[in-house]
Amino acid sequence: MKDKEFQELIDQSLNETISEVDMKALEERMLQDPQARIHYLSSVGLHASLRRRFSSQQEEEGTILFPGQSIFTRKTVWAVAACLVLFFGLLIFQVSNRPFAEVAHVIGAYRADGVTYKTGETVEPGILSLTRGLLRLDFSNGARVTVQGPAELEVFDQDRVLLHKGLVTATIPESAVGFVVDTVAAHVVDLGTSFGVSVSENGQTEVCVFDGEVEVSLPREAGLEEVSHLVREGESISARVNSSVIDSVSYETSQFENALPVNYGVLQTTGSMRFVSPGPDFHPGNYKDNEHIVVFPEKRGFLSNESMRVDMIDPGEYEKSHYEEKPTLVPHRAMTSYLLQLDAYPEGENPNRRRSVIGQITFANPIVGVITEDRLLNESEVVFGIPGADYPSARTIEPRPEGDERKGFDKLILTADRHSLILELRENPGHLDQVRVLVEAQ
């Protein structure tokens, strides 16, 4: 439809001379074209502002007086009102037809028929089966739910899912507080948090709270819905089918360590990397590990009001530089922070031998800055550090000096697409390597 034809339809609509067929064509154009909707509303406003002076028609049609002696005919007012109803009705139609969830990330996720899930697929109410892999669903209210196969999840709407079997992790912002994960044995209501739910073949349910708190109650079928349990950060519970009690169990996150990173925007880790969620009394020094580079999520979607020096922003291999030469990140940029750590300890027949760990981590969004040296780590902790956490010092990465052929240096590479960081860290027991990675907020 040409612009001239579109304007003619608008004029006919405002003058109440448009046919039913043309009205449908007008609606279709506005549904498909945001600029057309803007132009339509502008035309309605212009039409409403036209002032007409009349005398003989006043008695016939009546008048409506507005401040400043503006005079509209009653017919004109009703025409404008009808047009506004049409316009806003179209907007409501669009909003109501928006999918309440979509597939945000896919990592080797297959349906029962062997077909892979695709990023960007809309999620309709019904059963979602996953034979293997990981699948993250982003709901329109901001909730993020990662499903780990094999699993069967029934989606009702943006506020409720039913996990028949398998494992999910959920990260729920304030906009989605009250999000529900039901199972055959438990009713889990989020109170603003990050948590995991697993359901075994016999229906036994475990709930583990990584951050915040949830309320767990027995399902209505058990006839004991008044039995509820508030589960806080660093706590876990277990519920059995047809049981009248909710049992507290030891806090253990290992079963969720594959799905949890995807909620936080980590798509993949390869090599010797281990993702953990900080619980109560978080302290990086509690996570000594000779075999893994440990990954901690820190602040999410944080907007810094000040510029910040970092060690590297460009793809390539990290090289040391003077403080004054460090690149600077501009303020007012939303970022999410992750802390990567190798904290070796004495072990075995040769307790003081140097440890070497290699790994790669890939994020959903681009990496905007990497911090490796102790001074910059301390400065950035004021902004991105977990409140109340005790961060140790000193820590730094020791890259190979130019021309030095000796063994034993650290290596840090930011890939060309800025989504991955490759690390080769070597450290003696009693020493500490840490890297803070700043990623563009989702």
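The structure presented is a predicted model; accordingly, all values stated were derived computationally and were not measured. Residues: numbered from 1 along the sequence shown.
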Tabulate below the donor-acceptor pairs under 3.5 Å that side-chain atoms of residues 259-274 make, not counting sequence neighbours, or state none.
from: Asn263; atom 1: OD1; to: Thr146; atom 2: OG1; distance (Å): 2.6
from: Asn263; atom 1: OD1; to: Thr169; atom 2: OG1; distance (Å): 2.5
from: Asn263; atom 1: ND2; to: Arg144; atom 2: O; distance (Å): 3.0
from: Asn263; atom 1: ND2; to: Thr169; atom 2: O; distance (Å): 3.1
from: Asn263; atom 1: ND2; to: Thr171; atom 2: OG1; distance (Å): 3.2
from: Tyr264; atom 1: OH; to: Ser194; atom 2: OG; distance (Å): 3.4
from: Tyr264; atom 1: OH; to: Arg300; atom 2: NH1; distance (Å): 3.3
from: Ser272; atom 1: OG; to: Glu291; atom 2: O; distance (Å): 3.4

Main-chain N/O of Thr362 paired to His419 side chain as donor or acceptor, under 3.5 Å: no
Under 3.5 Å: donor-acceptor pair, side chain of Ser200, backbone of Ser198: no
Closest non-hydrogen atom pair between Tyr391 and Gly385, with its separation: OH-CA, 3.5 Å
Side chain proximity check, Asn141 to Phe100, heavy atoms < 4.5 angstrom: no
Any donor-acceptor N/O pair, Asn365 side chain to Ala441 backbone, under 3.5 Å: yes
Side-chain ion pair, Glu427 and Arg355, N-O less than 4.0 Å: no
Residues which pass side chain to side chain contact (heavy atoms under 4.5 Å, CB included) with Ile313, listed by chain and number, not counting sequence neighbours: Val310, Pro327, Leu329
Using atom types as modelled, flag every donor-acceptor pair under 3.5 Å from a side chain in residues 344-352 to any protein atom, sequence neighbours excluded.
from: Tyr345; atom 1: OH; to: Glu347; atom 2: OE2; distance (Å): 3.4
from: Glu347; atom 1: OE1; to: Asn290; atom 2: ND2; distance (Å): 3.1

Spacing of OG belonging to Ser337 relative to CZ belonging to Phe296, to within rounding of 0.5 Å: 12.0 Å
Whether Thr336 side chain and Gly301 backbone form a donor-acceptor pair below 3.5 Å: yes
By side chain to side chain contact (heavy atoms under 4.5 Å, CB included) - contacts of Arg418 (at least two apart): Asp314, Pro315, Pro366
Thr131 side chain to Tyr110 backbone, donor-acceptor under 3.5 Å: yes
Asp433 side-chain N/O to Gln341 backbone N/O, donor-acceptor pair under 3.5 Å: no
Min side-chain heavy-atom separation Leu128-Leu135 under 4.5 Å: yes
Any residue meeting side chain to side chain contact (heavy atoms under 4.5 Å, CB included) with Thr253, in chain and number order, not counting sequence neighbours: Cys208, Phe210, Tyr251, Glu257
Side-chain heavy-atom pair Leu191, Val214 within 4.5 angstrom cut-off: no
Any donor-acceptor N or O pair under 3.5 Å, side chains Ser254, Glu252: yes
Main-chain N/O of Pro399 paired to Asp410 side chain as donor or acceptor, under 3.5 Å: no
All side chain to side chain contact (heavy atoms under 4.5 Å, CB included) counterparts of Lys326, not counting sequence neighbours: Arg309, Asp311, Tyr318, Ser321, Glu373, Leu376
Flag, side chain of Arg160 to backbone of Val180, donor-acceptor distance under 3.5 Å: no
Partner of Leu342 by side-chain contact (heavy atoms from CB on, under 4.5 Å), out of Val435, Leu432, Val357: Val357
Distance-minimising heavy-atom pair for His164 and Ile127: NE2-CD1, 3.7 Å
